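What follows is one structure encoded as structure tokens, with my remarks underneath.
To find a chain, count down the sequence lines: A is the first, B the second, and so on, and within it residues start at 1. Here the structure is a predicted model, which is why all the values come from computation and not from measurement.
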Protein chains: 2
Amino acid sequence: MSQEHEAAGTIEDRLMQRFGTLTPTERLLAGHLTRNFPVAGLASMTYLAKEAGVSTPTVLRLVQKLGFRGYPEFQAQLRNEIEARLESPLSKHARWTDGVPQTHILNRFADAVLANLTRTLSRIDHADFDACAEMLADPKRRVLVTGGRITHALADYLVTQLGIVRPGVSALPSQSSAWPSALLEMRPGDVLIVFDIRRYERATLQLAEMAAERGAEVVLITDPWISPISAYARFRFAAQIEVPSAWDSSTALMVLIETLLAAVQELNWPQAQDRMTRLEALYERASMFRRGKG
Amino acid sequence: MSQEHEAAGTIEDRLMQRFGTLTPTERLLAGHLTRNFPVAGLASMTYLAKEAGVSTPTVLRLVQKLGFRGYPEFQAQLRNEIEARLESPLSKHARWTDGVPQTHILNRFADAVLANLTRTLSRIDHADFDACAEMLADPKRRVLVTGGRITHALADYLVTQLGIVRPGVSALPSQSSAWPSALLEMRPGDVLIVFDIRRYERATLQLAEMAAERGAEVVLITDPWISPISAYARFRFAAQIEVPSAWDSSTALMVLIETLLAAVQELNWPQAQDRMTRLEALYERASMFRRGKG
DNA sequence: CACACTCTGAAAAATAATTGACAGACTCGC
DNA sequence: GCGAGTCTGTCAATTATTTTTCAGAGTGTG
């Protein structure tokens, strides 16, 4: 069903719906607005314009594109929405999808994921975390990543993103028959990142063992039951993975990955930035891009 | 810092605290303010005065008794409080890793991710969501999945997991040169799931367009700025992706995927369960074949 | 009942915000 | 390259809002 919600809808909806039709500067503003929603819109137009880095007429034009006659009308609507939001049971999950019973899969799942995340994050030993990030930021070490049946997609993601920030990152081949030759190339001080959850695979364990023997630093990303690889790991991070389904959630793993990535990126920002701009240029040249800002 | 703000605390607290020292008309105003807190305070002083049935100087005097230099300062403080209140209760900072400054990347990132998640989940149109899950649960439709430079890992994850639950799921080849032949095989009613965020790629847009022309149902998973593919999509889901880093977070996308997976799995649980046990058995045999584990 | 005092709102003055008109900058198609 | 068209900020006019001033109304006291 459904693209008829055009005319009305909440301000947030309208912003998203019309984002495509906005001009570059207006997108700048729309971005700022959604990022700091809704409070940013409560300030005066002048202030909002300054914060977003645009001029006041741009603010006015955007607001008019959203269907309001003027800024005051926009603010009135915004206040109404805030009122509605604040009045609904604000303690619990009032922010999940309204109009759906609490037993709907959406709500049950959202609850579980949120709980997983808070637990996972609060369990991180920050000293370990910092040390691990520092190790991963060292460009002299090469980094190999491997995952299991389910987690290989996450390993892949990590390789892609970490590979943007620093050189020498690669994925281990997916067939374990090809691992020995990869191990042979490994130097002491190199890093092996292993994803290993539930159904721990024996081949992965052996891989970690051999890597550790060859002097590689093993980083283990696992579940709360802790893979046996832990024995060979210099760093280990456990993510909560249980959700109301027959399989395990990878969301907390994803957050772990991204948090590490953020830390590594922050640690050697100059190089990372340099790599990113160069990479960007290469991509730019390689394919035709839509115009527009990121 | 010399003088004011001796009375700290939230505006509501201050109102209560000083209620006793107020004059009759000021109490009228204070009552109105607490009854319609906090939205009443966001309007202009003139409007607020009229609503409360007092004059504008009275408003100003009350606000000054509360310790503010003027009405604008009062409103700024009010906005801050609203912002704090609108933040997810879960992102109350106390939960994150203690002993680390709030500015540590771990905390900043955790905050951002949590906010993204609540935003993303609360934004899902549940009717759309249900309809989409039902469509994906239909075993007669084949499902193709494709992603971009960064999102291909997510597409991969979706294929792996959805492929466990139902038959006929595959990833589109990664080179766009191989897409035409894949399109040729597509039948009306088949589903194309497209991940498309920021830097929207032109080739992906064309793919979606052609698929839609051939009668395929397009499901778009995108960012808040909404990929232009939206025009061809039967269903579209937007995930918040901004985090304190130079790249975009995929966590919210991951949650979207998993929530959909959970819904699909729930919809045809018997078949899914059957497939899962059979698959399990196959993996068991395969690993024994490789030299087994206990 | 006058006096001192406080409280209150009307109106004016000061300040800030909103909006429209315009012109330079930029992009795109040719 | 060049013109048509679009975008965007500067500026000024208009409008609204905040703040000050001040006089009258209310209150309680001696």
- request: Classify the side chain of A:Arg61 and the base of C:dG20 as holding, or not holding, a donor-acceptor pair under 3.5 Å.
  value: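 When only heavy-atom distances are counted, A:Arg61 does not reach the base of C:dG20 through any donor-acceptor pair under 3.5 Å.
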
field: B:Tyr47 vs A:Pro57, nearer the 5' end of DNA chain D by closest nucleotide
entry: A:Pro57

- prompt: So which one's nearest nucleotide on DNA chain D is more toward 5', A:Thr56 or A:Lys65?
  reply: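 Its nearest nucleotide lies further toward 5', so the answer is A:Lys65.
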
message: Please find the pair of heavy atoms, one from B:Ser250 and one from A:Tyr157, that lie closest to each other, and give the distance.
response: OG-OH, 2.9 Å

- prompt: What nucleic acid atoms does B:Thr46 come within less than 4.0 Å of, heavy atoms only: base, sugar-phosphate, or nothing?
  reply: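 It contacts base atoms.
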
Write down the distance between [atom1] ([X]) and [atom2] ([N]), rounded to a whole number of angstrom.
| X | N | atom1 | atom2 | result |
| --- | --- | --- | --- | --- |
| B:Leu60 | D:dT20 | CG | P | 7 Å |
| A:Glu26 | D:dC7 | CD | P | 8 Å |
| B:Met45 | C:dA14 | CE | P | 17 Å |
| B:Leu29 | C:dC7 | CG | P | 15 Å |
| B:Leu48 | D:dT19 | CG | P | 13 Å |
| B:Leu62 | D:dT19 | CG | P | 13 Å |
| B:Gln75 | C:dA17 | CD | C1' | 12 Å |
| A:Glu73 | D:dA16 | CD | P | 14 Å |

- request: Would you tell me if any nitrogen or oxygen in the side chain of B:Ser44 comes within less than 4.0 Å of OP1 or OP2 on D:dT17?
  value: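 Answer is yes, contact under 4.0 Å.
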
message: Please tell me if A:Thr23 has a side-chain N or O lying less than 4.0 Å from either OP1 or OP2 of D:dT6.
response: no

B:Trp247 and B:Phe109 aromatic ring geometry - parallel, tilted or perpendicular at 30°/60° bounds: tilted

field: Stepwise side-chain hydrogen bond (donor to acceptor under 3.5 Å, both in side chains) test for A:Glu81 and A:Gln77
entry: CA-CA 6 Å; A:Glu81 290 182 16; A:Gln77 167 74 17; 2.9 Å; yes

- prompt: How long is the gap from CD1 on B:Ile229 to CD on B:Gln206, to the nearest 0.5 Å?
  reply: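 That separation rounds to 10.5 Å.
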
field: DNA chain C: 5'-proximal contact among B:Ser55 and A:Tyr71 (nearest heavy atom)
entry: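 Between the two, 5'-proximity favours B:Ser55.
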
Modelled atom types, side-chain donor and acceptor of B:Thr25 and B:Thr23, under 3.5 Å: no

